[in-house]
Asker: 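My questions will all concern the structure given below.
As the structure is a prediction and not an experimental result, all values here were calculated from the model.
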Amino acid sequence: MSEIPKAYEPQAVEEKWYQFWLDQKCFVANPASPKPAYSIVIPPPNVTGMLHMGHVLNNTIQDILARKARMDGKEVLWLPGTDHAGIATQAVVEKALRKQGVMKHRDDLGREKFLEHVWAWKEKHGGIIIQQLKKLGCSCDWTRERFTMDPDYSRCVQKVFVELYKKGLIYRGKRMVNWDPAARTALSDEEVEMTETKGHLWHLKYPMLDDAGQPIPDQFVIVATTRPETMLGDEAVAVNPKDERYTKLVGTKVLLPLQNKHIPIIADDFVDPKFGTGCVKVTPAHDPNDYAMATRHSLPLTVVIGPDGKMTGEAGGGFAGLDRAEARKVVVEHLEKLGLLLKFEDYVHNVGHSQRSHVPIEPYLSEQWFLKYPSVEAATACVVGSARGPRADSGGPPESSSDQSSLEERASGGPPAAAAGPAALPPMRFHPERWSKTYAHWMTNLRDWCISRQLWWGHRIPVWHKRLTVPNRPENHSKVWWFSETERALDEYRNNVVVRIVHTASGRIVGPFKTKEGMDNNLELNEEMDAGKPEHEFDVFVCTVDEPAVKYLVEEEGFTQDPDVLDTWFSSWLWPFATMGWPEQTPTLRKFYPTTDLVTGPDIIFFWVARMIMAGYEFMGDLPFRNVYFTGIIRDKLGRKMSKSLGNSPDPLELIAKYGADALRFGTMRSAPLGQDVLFDEKDVELGRNFCNKLWNACRFRQMQGGEVQGEINSALLTSDDKWMLLRLDAAIREISTAFAEYRFNEATQALYRVFWSEFCDWYLEAAKAPMQSGTSAQKANTLAVLDFVLSHMLRLFHPFLPHITEELWHGMGYSADMPEKQGGKTIMFAPWPKPLDQDFRDHYGLNDRALAIAEAKQELVIQGRNLRREKNIPANKRVKFILKPADPVAPHDQAVLQLLLNADVFDVDPYFQGPKGMPSVHVKLGELFLPLEGLIDAAAERARLTKELEKANAETAKVEQKLNNPSFVQKVPPAVLEEHQKRRAEWQAKRELIQKALAALGS
RNA sequence: GCGCGCUUAGCUCAGCGGUAGAGCAUCAGUAUCACACACUGGGGGUCACAGGUUCAAAUCCUGUAGCGCGCACCA
């Protein structure tokens, strides 16, 4: 530090060192390193996203872990990247293109053109968040940055799809799915948020019909509904078969109003007779339960709401084209006019909303692709039952991670680690542990995952399709022969294609027909397929990533690729290994998989974490990470979620510009308790800034004392303050290291704050000024040596939290000079993490309880003395005289320190001092401290002060005595506690006596 | 409905069986030669409520209330 500004200026410093780290390749992970591995994969942010406070919290934690691991001597890989975020990105680009007038709907452009625009958008905006992470100081290995749509990554996604398809875990089916009419795509169950919504319960009257199909006057069935617009698609009214009120009606028909359609009354157990009227309208195409009933009763499906959320032609002339919300009003109006609306009442119920576009979800019957989750058992067992405790083996022992054969065994699908036996600990830990319950609950109630999305931006499903029509004459196999012909042709690619032939009408898988013996031309059309139609349609699906096969299918056979893309999470669930070069057994995979820690939010525990665990076991044969740390959610200081519309989400980059990245990191970490939401306040960052400034100035103070870095500490010259400080440092090292092991980051920051500010700056530095000002040169040098020792340790303790300023000071103070090149010489990043002071060190330097006691007694005296000054209204800058009547001899150093800290011009130590009547005094462990006041002594004021003190002493004495007078307390309490209470009683009693004496001396 | 978490100083939180703590805020004072992004001193809490266990409960158990979250869901 050639030039030392009075206040720390972070901007230039941060930029300088970040560039230095990049230039020196400090973040690059070496798979060939002999060091034990430590790895994290970043939760990939949305490629077009911007840094927000959630990212700051999340990535600061990861950076802290990575930097700590480097100092622990680990070979660290923090693997960064971005996610293509299908729906979000497509929506953003569509909006932008509409705004620019490029298109009205993406159909105007067509798939290819539209995707060109998305890629262009990605190129333009895709790097922003990465640059922002660099501003935060993130030590990611940027040479390995990945994107979920990279060609290599896409190949992984496709390979995984093919494998799961081959296993029969991926299938296509016509199902009632969660449809987002705004994004016009299917969603998974997880993407639906149930939100309490105020609505109405409408009671509709459906006229009953006689045998001739004529309405019976004044006879109605009453159905209740929250969605009257769906009545246009009703196909039945259902009652419970045991409901005696309605049994005689079952089998009769009612008139569906507005549609003038006759629909049956059916009996189904689903209906709860106690709810409403006990009659349920059945809308097979627009309600999952109704769909199930319709299947049981072979009811037709009438689709009245289209994929765009507007009423279809089937809804009838007056309604077609209306938005579903509008249609609701119009239907109700019509029914009311017809006198068929009995009543309606307010009704609060839960309605599923799209997590993406926030519109109400529409149950929608459509062909979708589903995944039956793989490796569920292993994925469940590896976490469930995880006990409270420290992190799971964070070491990643070098012998196992560099052992190729064992990895290959695991990768080839050997028994997962979780099956190692009942006594084995779960190999994965959640922190905080309670999230494992949420995880376990979800894992045991898995429903198949709808993985297809009706979007263009994403990984396109690698399935090619063709529909064939086969005449219904079993002896005519001419068309059936096609299967064999095609399959024979595809035989050339047999390792690379999976063929599946589905009977269109029934959805039944009937092929492939190729058998081991050869072609099975004798296609068996069973009765179900024979029934009904003169011809049969078959869907032929070929799943492949083989380019020649695709070429053949498309060019020779007229196949077309499935238009859907995959759910974004279907690519991100492969993130931990797809980013490391899988399916090749790369050195990176061998060294760094499984990863050590994952840091993410509990809101994506199902979306991402659980699925990654399953994918890890399925494709790597091993868990993807050993520890998962769940952060809280960042809220504003009023506890509200941060959102753009509220405008309560500060821009982290502005905060960095204003306070520095280190300040933002420290402030955020300090206010982030384990497992709870973070109430963020800019004040926290200000505090971080102040902290950095304090650190800067403490070093500046040391710098101004001059002299070289003092390496050698002379134990003979150590003062009680030196020893105290070394012990406090030792305590902090232990505390912070433990906090790290348990992921208690805010505890670590609190300890750092305390040891540096309250202990080092407030006490040690101030006390050290005594020898610096008046000590011998040897004493002065020794003090500097202790200062350097403590500061060089503290800089290292701070480094994971405050990477930039610690690097600047590490070099500026010259602490790097003595270190080996690779262990702190070049950068503090690789300086060894401080170890607790061992017993030899303590013995050699005389760090014992006695030194501690003296220093603490001095602090007590100083506080009491200052208090006395204040009570007597002596200005802080006025130097006064103090006299100590000591209980034990006082060392000259201690006397000098007391004089300095009390701002005394004279500090006498006089064992025989007799304070004149009424001289203010306090009683402390070191003795009796007198404050001789010039001029008049205000006896009344002194009496009042002493009386107050006496009251306090009386109260404390009484409190302890009450306990000690309890016979069962004395009898049952552990000896140490008893002793402690007795000691406390004696101290308070002694103090009380001294105060009483002083009061008596004042006279009356 | 089921499950989870929280309730301690004005605010944010720590403490999780043996003298109620921190930071911020507040009040009073201080330009003292590391730092006013600072220093010094002070005030402030019957630890949500009610029972129970214990010599001893903020801390353990049971229940209640309030707040928050997740899952499920009958029109």
Side-chain angles (χ1 to χ4, degrees), chain A residues 4 6-8 193-194 201-202 223-227 230 238 270-283 287 289-290 347 349-350 352 432 434-435 437-438 441-442 445 602-603 605-606 633 635 637-639 659 663 670-673 675-681 683-684 686-705 744 746-747 749-750 753-754 757-758 761-762 765-766 769 773 862-863 866-871 873-879 901 903 956 959-960 963 966-974 976-978 980-981 984 988:
Chain A
I4 314 171
K6 196 169 168 184
Y8 174 55
E193 281 173 346
M194 301 302 270
L201 193 59
W202 281 274
V223 294
T225 180
T226 54
R227 303 195 58 193
T230 63
F270 166 77
V271 181
D272 177 359
K274 289 189 285 292
F275 188 91
T277 58
C279 298
V280 183
K281 62 189 270 310
V282 181
T283 320
D287 182 278
N289 291 316
D290 292 4
Y347 192 68
H349 60 143
N350 287 318
R434 65 187 155 86
W435 290 111
K437 279 191 185 171
T438 307
H441 181 254
W442 188 75
N445 292 284
D603 49 333
I605 190 166
F606 310 139
I633 293 167
R635 298 169 178 280
K637 62 181 169 188
L638 301 175
Y659 300 103
R670 198 173 169 283
S671 61
Q676 265 160 258
D677 289 353
V678 185
L679 270 55
F680 179 82
D681 187 343
K683 283 259 176 215
D684 296 327
E686 201 178 307
L687 179 128
R689 191 254 333 244
N690 296 353
F691 190 85
C692 290
N693 187 56
K694 188 83 174 172
L695 182 60
W696 180 260
N697 274 291
C699 288
R700 193 165 150 253
F701 168 77
R702 161 63 187 91
Q703 200 77 337
M704 289 165 81
Q705 305 309 310
R744 305 177 80 90
N746 73 318
E747 221 162 81
T749 48
Q750 307 259 15
Y753 194 99
R754 189 201 64 226
W757 201 306
S758 309
C761 291
D762 287 354
L765 220 53
E766 294 303 324
K769 286 175 181 174
Q773 284 169 9
V862 168
I863 290 169
R866 284 169 173 170
N867 187 2
L868 197 56
R869 287 179 62 121
R870 182 82 201 95
E871 298 264 354
N873 288 319
I874 297 167
N877 56 356
K878 176 156 169 70
R879 307 194 76 195
L901 296 188
N903 196 20
E956 291 296 331
K959 238 159 90 179
V960 191
K963 280 195 171 183
N966 183 344
S968 46
F969 174 82
V970 181
Q971 211 172 1
K972 295 185 180 178
V973 84
V977 175
L978 181 62
E980 191 273 327
H981 277 77
R984 206 193 311 159
W988 279 114

Asker: How long is the line joining CG of A/L679 and C1' of B/C11, in whole Å?
Answerer: 10 Å
Asker: From B/A56, B/G23, B/A34, pick the nucleotide closest to the side chain of A/K963?
Answerer: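 The answer is B/A56, which lies nearest to the side chain.
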Asker: If you take all heavy atoms of A/H981 and A/K963, which pair is closest and at what distance?
Answerer: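 So the two residues come closest at NE2-CD, 3.5 Å.
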Asker: Remember a base hit wins even if backbone is also touched, and classify A/E766 as base, sugar-phosphate or nothing at under 4.0 Å, heavy atoms.
Answerer: base
Asker: If you look at every strand shown and take non-hydrogen atoms under 4.0 Å, does A/C279 touch a base, only sugar-phosphate, or nothing?
Answerer: nothing
Asker: Given Watson-Crick or G-U pairs with both distances under 3.5 Å, what dot-bracket string fits RNA chain B, with | for other-strand pairs and [ ] for crossing?
Answerer: ((((((((.[[[[.)..(..]]]].(((((.......))))).....[[[[[..)....]]]]])))))))....
Asker: Have a look at A/Y347 and say if it touches a base, only the backbone sugar-phosphate, or nothing, with a 4.0 Å heavy-atom cut-off.
Answerer: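 Contact class for A/Y347: sugar-phosphate only.
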Asker: For residues A/D684 and A/L679, report the shortest heavy-atom separation together with the two atoms involved.
Answerer: OD2-O, 3.9 Å
Asker: If you measure from the P atom in B/C33 to the same atom in B/G18, how many Å do you get, rounded?
Answerer: 45 Å
Asker: Using atom C1' in both nucleotides, what's the gap between B/A9 and B/C24 to the nearest angstrom?
Answerer: 12 Å
Asker: In whole angstrom, give me the gap between the C1' atoms of B/C61 and B/G17.
Answerer: 13 Å
Asker: Do the side-chain N or O atoms of A/N445 get closer than 4.0 angstrom to the phosphate oxygens (OP1, OP2) of B/A72?
Answerer: no
Asker: Could you tell me whether A/F691 contacts a base, only the sugar-phosphate backbone, or nothing, with contacts defined as non-hydrogen atoms closer than 4.0 Å?
Answerer: nothing
Asker: Choosing from B/G18, B/A34, B/A75, which nucleotide comes nearest the side chain of A/T225?
Answerer: B/A75
Asker: Heavy atoms under 4.0 Å, any strand shown: does A/W757 hit a base, just sugar-phosphate, or nothing?
Answerer: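 Here A/W757 touches the backbone only, sparing every base.
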Asker: So which atom in A/I633 and which in A/D677 form the shortest heavy-atom distance, rounded to 0.1 Å?
Answerer: N-OD1, 3.1 Å
Asker: Considering only side-chain heavy atoms of A/R434, which listed nucleotide, B/G18, B/C55, B/G5, is closest?
Answerer: B/G5
Asker: Can you list the residues that meet the side-chain hydrogen bond (donor to acceptor under 3.5 Å, both in side chains) rule with A/R879, with sequence neighbours excluded?
Answerer: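 For A/R879, the residues satisfying side-chain hydrogen bond (donor to acceptor under 3.5 Å, both in side chains) (neighbours in sequence not counted) are A/N903.
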Asker: When you get a sec, tell me which of B/U32, B/G29, B/A34 is the closest nucleotide to the side chain of A/N877?
Answerer: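 Within the option list, the nearest is B/U32.
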Asker: Measuring only the P atom in each nucleotide, how far is B/G45 from B/C11? A whole number of Å is fine.
Answerer: 13 Å
Asker: Which whole number of Å gives the distance between the C1' atom of B/C49 and that of B/A22?
Answerer: 27 Å
Asker: Mind calculating the distance between CE (A/M194) and P (B/C71) to the nearest angstrom?
Answerer: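 So the CE-P distance, A/M194 to B/C71, works out to 10 Å.
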Asker: For the pair made of NZ in A/K683 and C1' in B/U26, what is the distance, rounded to whole Å?
Answerer: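 So the NZ-C1' distance, A/K683 to B/U26, works out to 12 Å.
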Asker: Go through B/C55, B/G15, B/A20 for me and flag the one nearest to the A/K959 side chain.
Answerer: B/A20
Asker: Look only at the side chain of A/N697 and the backbone of A/A7, and say whether a donor-acceptor pair between them is shorter than 3.5 Å.
Answerer: no
Asker: Indicate, with a heavy-atom threshold strictly under 4.0 Å, whether A/R689 touches base, sugar-phosphate, or nothing.
Answerer: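 Contact class for A/R689: base.
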Asker: Side chain of A/H981 only, heavy atoms from C-beta on: which candidate in B/G23, B/C55, B/G18 is closest?
Answerer: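 Given the options B/G23, B/C55, B/G18, the side chain of A/H981 is closest to B/G18.
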Asker: Return whichever of A/A7 or A/L201 has its heavy-atom-nearest nucleotide of RNA chain B closer to the 5' end.
Answerer: A/A7
Asker: Taking only side-chain nitrogens and oxygens of A/R700, does any of them come within less than 4.0 Å of OP1 or OP2 of B/A38?
Answerer: no
Asker: What are the two closest heavy atoms between A/V280 and A/V271, and how far apart are they?
Answerer: CG2-CG1, 3.6 Å
Asker: Kindly point out which of B/C55, B/A34, B/C24 is positioned nearest to the side chain of A/Y753?
Answerer: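 Among B/C55, B/A34, B/C24, the one nearest the side chain of A/Y753 is B/C24.
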Asker: For the P atoms, the ones on B/A28 and on B/U62, what distance do you get once it is rounded to whole angstrom?
Answerer: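 Result for the P pair: 49 Å, nearest Å.
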Asker: With RNA chain B as reference, determine whether A/G276 or A/N867 sits nearer its 5' end, using the nearest nucleotide of each.
Answerer: A/N867
Asker: If you look at every strand shown and take non-hydrogen atoms under 4.0 Å, does A/R866 touch a base, only sugar-phosphate, or nothing?
Answerer: sugar-phosphate
Asker: What's the closest nucleotide to the side chain of A/R670 if the choices are B/C39, B/G23, B/C55?
Answerer: B/G23
Asker: To the nearest Å, how far apart are A/D677 CG and B/G68 C1'?
Answerer: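 About 8 Å, once rounded to whole Å.
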Asker: Reckon A/N289 touches a base, only the sugar-phosphate, or nothing at all at heavy-atom distances under 4.0 Å?
Answerer: sugar-phosphate
Asker: Could you grab the distance from atom CG of A/N289 to atom CZ of A/F270, nearest 0.5 Å is fine?
Answerer: 3.5 Å
Asker: At 4.0 Å (heavy atoms only), tell me whether A/P967 reaches a base, stays on the sugar-phosphate, or touches nothing.
Answerer: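 The residue A/P967 makes no contact with any strand.
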Asker: Could you tell me the separation between the CG atom of A/N697 and the C1' atom of B/C33, rounded to a whole number of Å?
Answerer: 13 Å
Asker: Under 4.0 Å, heavy atoms only, any strand: does A/V271 hit a base, just the sugar-phosphate, or nothing?
Answerer: base
Asker: From CG of A/D272 over to P of B/G1, roughly how many Å is that when rounded to an integer?
Answerer: 16 Å
Asker: State whether A/N350 places a side-chain N or O below 4.0 Å from either non-bridging phosphate oxygen (OP1 or OP2) of B/A72.
Answerer: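 Result: no.
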Asker: Distance check, C1' atoms only: B/G42 and B/A25, in whole angstrom units.
Answerer: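 It comes out at 15 Å once rounded to the nearest Å.
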Asker: Is there a donor on the side chain of A/Q705 or the base of B/A34 sitting less than 3.5 Å from an acceptor on the other?
Answerer: no
Asker: Heavy atoms from C-beta onward define the side chain here; which of B/C71, B/A75, B/A34 lies closest to that of A/C761?
Answerer: B/A34
Asker: Is a side-chain N or O of A/R635 found less than 3.5 angstrom from the main chain of A/F680, in a donor-acceptor match?
Answerer: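 Pair absent, no side-chain N/O of A/R635 close to backbone of A/F680.
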Asker: For the base of B/C4, is there a side-chain donor-acceptor partner from A/K437 under 3.5 Å away?
Answerer: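 It does not, because no donor-acceptor pair links the side chain of A/K437 to the base of B/C4 below 3.5 Å.
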Asker: Using whole Å, what does the distance between atom P of nucleotide B/A34 and atom CD of A/Q703 come to?
Answerer: 14 Å
Asker: Give the minimum heavy-atom separation between A/R670 and A/N746, together with the two atoms involved.
Answerer: O-CB, 3.8 Å
Asker: May I ask you to decide if the ring planes of A/Y8 and A/W696 are parallel, tilted or perpendicular, using 30° and 60° as cut-offs?
Answerer: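 Answer is tilted, since the angle falls between 30° and 60°.
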Asker: Respond yes when some side-chain nitrogen or oxygen of A/K281 is under 4.0 Å from OP1 or OP2 of B/A75, and no when none is.
Answerer: no
Asker: Taking the same atom, P, in B/G10 and in B/U46, what whole-Å distance lies between them?
Answerer: 8 Å
Asker: CD of A/E871 versus P of B/G42: gap in Å, rounded?
Answerer: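 Distance, rounded to whole Å: 8 Å.
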Asker: Classify A/N873 by what it touches in the nucleic acid, base, sugar-phosphate, or nothing, heavy-atom distance under 4.0 Å.
Answerer: nothing
Asker: Distance alone, cut at 3.5 Å: any donor-acceptor contact between the side chains of A/R870 and A/N867?
Answerer: no
Asker: Does A/W442 put a side-chain nitrogen or oxygen below 4.0 Å from OP1 or OP2 of B/G3?
Answerer: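 So the side chain of A/W442 is outside the cut-off, no N or O lying under 4.0 Å from OP1 or OP2 of B/G3.
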Asker: Tell me whether the rings of A/W757 and A/F691 are parallel (<30°), tilted (30 to 60°) or perpendicular (>60°).
Answerer: tilted
Asker: Where the side chain of A/L687 is concerned, which of B/C55, B/C24, B/C71 is the nearest nucleotide?
Answerer: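 So the side chain of A/L687 is nearest to B/C24.
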Asker: Please work out if A/L765 contacts a base, only the sugar-phosphate, or nothing of the nucleic acid, heavy-atom cut-off 4.0 Å.
Answerer: base
